[in-house]
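Below is one structure, written out as structure tokens; the observations come after it.
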Amino acid sequence: MFNTIMVPVDLRHAPAQAPAQEKALTIAAELAHSHAAEVVYVGVTSPEPGEVGHNPEEYAARLQDFAQAQSEARSQRARAHVIVAHDPTIDLDGKLTEAAAELGADLVVMATHAPNVTDYIWSGHGAHMAAHAAASVFLVRG
Amino acid sequence: MANAEEITGIPAPEGHTELIDTDYQIGQDNLEGKLGPFGFDVHNPVFMVSAVTIVAFVFYALALPEQASAVFGWLRPWLTSTFDWFFMTAANIFVLFCLFLIVSPWGRVRLGGKDAVPDYSYTGWFAMLFAAGMGIGLMFFGVLEPVYHMAVSHPLGTPSPFDADGNLIPANIERAKEMGLAATIYHWGLHPWAIYAVVALALSLFSYNKGLPLTIRSAFYPIFGERIWGWTGHVIDIIAVFATLFGLATSLGFGAQQANAGLHHVFGIPVSTPIQILLITAITGVALFSVLRGLDGGVKLLSEINMGIAALLLIFVLLVGPTLVILTDFGKGLLTYAQEIVPLSNPFGRTDDSYRDGWTAFYWAWWISWSPFVGMFIARVSRGRTVREFITCVLLIPSVVCVLWMAVFGGAAIHQVLADPAASAVKANVIDSYNPPLSLFALLDGMPLSAITSVIGVVLVIVFFVTSSDSGSLVIDTITAGGKVDAPVPQRVFWATFEGAVAIVLLVGGGLKALQAMVISTGLPFTLVLLLMCWAIWKGLKAEPR
């Protein structure tokens, strides 16, 4: 049913700090196995140096390593896709939705936070994806 | 299995750069967490100390208004008259340094690595440079300054074309006209843009090529080494935040008063504090909307719209003219600027104190105190350019556009003043009484369709404030997040709102003038900082592949 599963990841956090992301990775791997699908790990960075890399190239290498490690640990087909955004805080939602279409993803599995009052003002990234992406969206809470 | 070829989405390979080898991890000193439902990610000492110091200074200005006014009211003119030579010498060094970089082999170094491609088109880039840098000043001083320098401030001892009774002295007219424009162009041409270019280049180089966080302290790595991650760096960043926020807030406060004066002139809306508070709230609200739309969807879009409207107004004034006279004056003003730039830049042995200290030294201190904000914003949008392209575009092209603006508005205003001095509204608001907010409207009043163009003028004034406010909030947010550009949204909301709130408090309680004087005073330490930046740029560029 699913051929390409897109998994947005935040490389800034260690697994212990990001239980929802760990859960999303596991669920994506299980779905990839049952549907013989490929997993695409998507990361967003800025041209400016950040916590994960000094430049987009270094960030891409880190995401590549991450994808490879996940691929080996979970025995799945996986690759990395890097998005460079001028203003990641704001551009993230739109860029992820575009990436889902560009990659031809038919399922997006992503971590999201428990709803709170700020969601009435700014929707979460997962909520935006569910509202705007053509693909099916599986939101995972920690 | 994954492989490197499958990575997609990067605009171009970045190529080789000389990263600085440091153990510092971006964000390592940050406090990350949640305050109720709001996430935050702030640099620990910089955010807190900046916010607390700003609040403390606001309280000081409100609790002891007379003392604050006396201290800063004395400090600002004392600095510009005592250190005029220092500001002017430093500004000359910045211009020469930039011109040297254009022709030197280091001009080939590309910001972001040998293979980096520019993030923005020329149109978007220029629009953002202008809107953040000096857009609002062009609105207020385009008419006022050329007329004032022609008749009142006597740059290089140039005599006024008016005698004490206000009658024209024909023999003085031509020289005074040329000098009025040249003396204005001097303040808006190469020197201010060289100041911005130095800061922007330093930040771009140490961020995009050396891999350090996009924050002011990074430019000092060649000087202080690893110490920039400690209090040395904290102090540099805190002063930058402090100068930027108070610079924006006091400008917003004065701008609201000026916009109110414009609205009164055009629509008869009364000049009152509640109207000004409403204006600050509206400007802050639109700036908030803009920062929440992001760099591309908000700040860039608004800057482009703004520059488009400003260009239309410029073309209108040029066409209404007299076009030929304005174009001739533009040529003569530019020529006089080229001829007089050396005497105007000379800090020593001059007697024109009212021009040199009252205007030039004041402007240099002002541009320098704004340079952390404008320089950092320019850096944020300039990745992918070579040093030569960067300096040419940040230094020369904006200078030419500023010259054109000043020549068109100033030339039209001078023509109006000299054609019929007794009936000239510009003369009444600039020479007979000093009324900066009304000078533009006084010019437009003497032209056709003034009802429409005056409304456009008011809109431009307000939108220029929005574009300064939104880009300023982005810059402050990045510095107080330790150079991270992906800090949570509520932080931007905090800084944009805080800036508006400080402006309102100072407007209501008094203290705008005192704190603006204090901001300009930060120009002195920052002049030293900028001189050190030149050395750091030089050292940084030498290590880069080109």
Side-chain angles (χ1 to χ4, degrees), chain A residues 10 12-13 17 39-61 63-72 76-95 98-99 102-103 113 115-122, chain B residues 1-4 6-11 13-15 17 19-20 25-28 30 32 34 36-39 112-113 116 119-120 207-214 218 291-300 379-381 383-384 474 477-478 483-493:
Chain A
D10 184 347
R12 291 176 302 176
H13 301 299
Q17 291 176 304
V39 177
V40 186
Y41 296 103
V42 175
V44 179
T45 187
S46 67
E48 292 82 12
E51 285 166 285
V52 182
H54 291 100
N55 48 44
E57 199 180 34
E58 205 173 293
Y59 180 93
L63 187 62
Q64 173 66 26
D65 290 346
F66 175 85
Q68 185 134 8
Q70 289 291 321
S71 173
E72 285 164 6
Q76 64 189 15
R77 282 191 298 134
R79 64 187 169 102
H81 178 82
V82 176
I83 299 166
V84 180
H86 293 143
D87 190 358
T89 303
I90 304 298
D91 298 343
L92 186 74
D93 291 339
K95 292 282 183 188
E98 280 169 27
E102 190 186 320
L103 294 167
H113 62 264
N116 62 41
V117 69
T118 55
D119 290 303
Y120 288 99
I121 311 166
W122 302 293
Chain B
M1 291 290 283
N3 64 63
E6 284 172 328
I7 296 172
T8 54
I10 300 178
E14 305 303 308
T17 58
L19 290 175
I20 284 177
Q25 294 288 318
I26 295 173
Q28 73 172 39
N30 281 27
E32 205 175 338
K34 281 197 161 234
F38 301 110
D119 289 336
Y120 291 98
S207 197
Y208 297 129
N209 294 50
K210 308 293 181 188
L212 301 184
L214 184 65
S218 295
V291 287
L292 290 178
R293 296 257 308 152
L295 197 52
D296 293 352
V299 180
K300 176 170 160 269
R380 180 92 189 260
V381 297
R383 182 179 165 275
L474 274 182
D477 182 34
T478 306
K484 288 174 75 169
V485 294
D486 55 354
V489 176
Q491 277 171 227
R492 292 183 187 194
V493 176

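Protein chains get the first letters and strands the later ones, always in sequence-line order, with residue 1 at the start of each. Treat the numbers as computed from the prediction; the structure is a model and nothing was measured.
Not a single salt bridge (Lys or Arg N to Asp or Glu O under 4.0 Å) links A:Glu58 to another residue, sequence neighbours left out.
The CD atom of A:Glu48 sits 7.5 Å away from atom OG1 of B:Thr478, with the distance rounded to the nearest 0.5 Å.
In this structure, no portion of B:Val381 lies under 4.5 Å from any heavy atom of chain A. The parts of B:Leu292 that come within reach of chain A are both its backbone and its side chain, each placing non-hydrogen atoms under 4.5 angstrom from that chain. B:Pro490 touches chain A through backbone and side chain together, each having a heavy atom under 4.5 Å away.
By number of non-hydrogen pairs under 4.5 angstrom with chain B, the leading residue of A:Ala85, A:Pro88, A:Gly53, A:Ser46 is A:Pro88.
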**side chain to side chain contact (heavy atoms under 4.5 Å, CB included) evaluation trace for B:Arg492 with A:Ile90** = CA-CA 11 Å; B:Arg492 292 183 187 194; A:Ile90 304 298; 3.1 Å; yes

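Across every non-hydrogen atom of A:His54 and B:Gly211, the tightest pair is CD2-O, 2.8 Å. A pairwise comparison of heavy atoms in B:Val485 and A:Asp87 identifies O-OD1, 4.1 Å as the closest pair.
For B:Arg293, the CZ atom counts as loosely surrounded, since its 6.0 Å shell holds 12 or fewer non-hydrogen atoms of other residues, nucleotides or ligands.
Panel note: side chain B:Arg380, backbone A:His86; a donor-acceptor pair is recorded below 3.5 Å.
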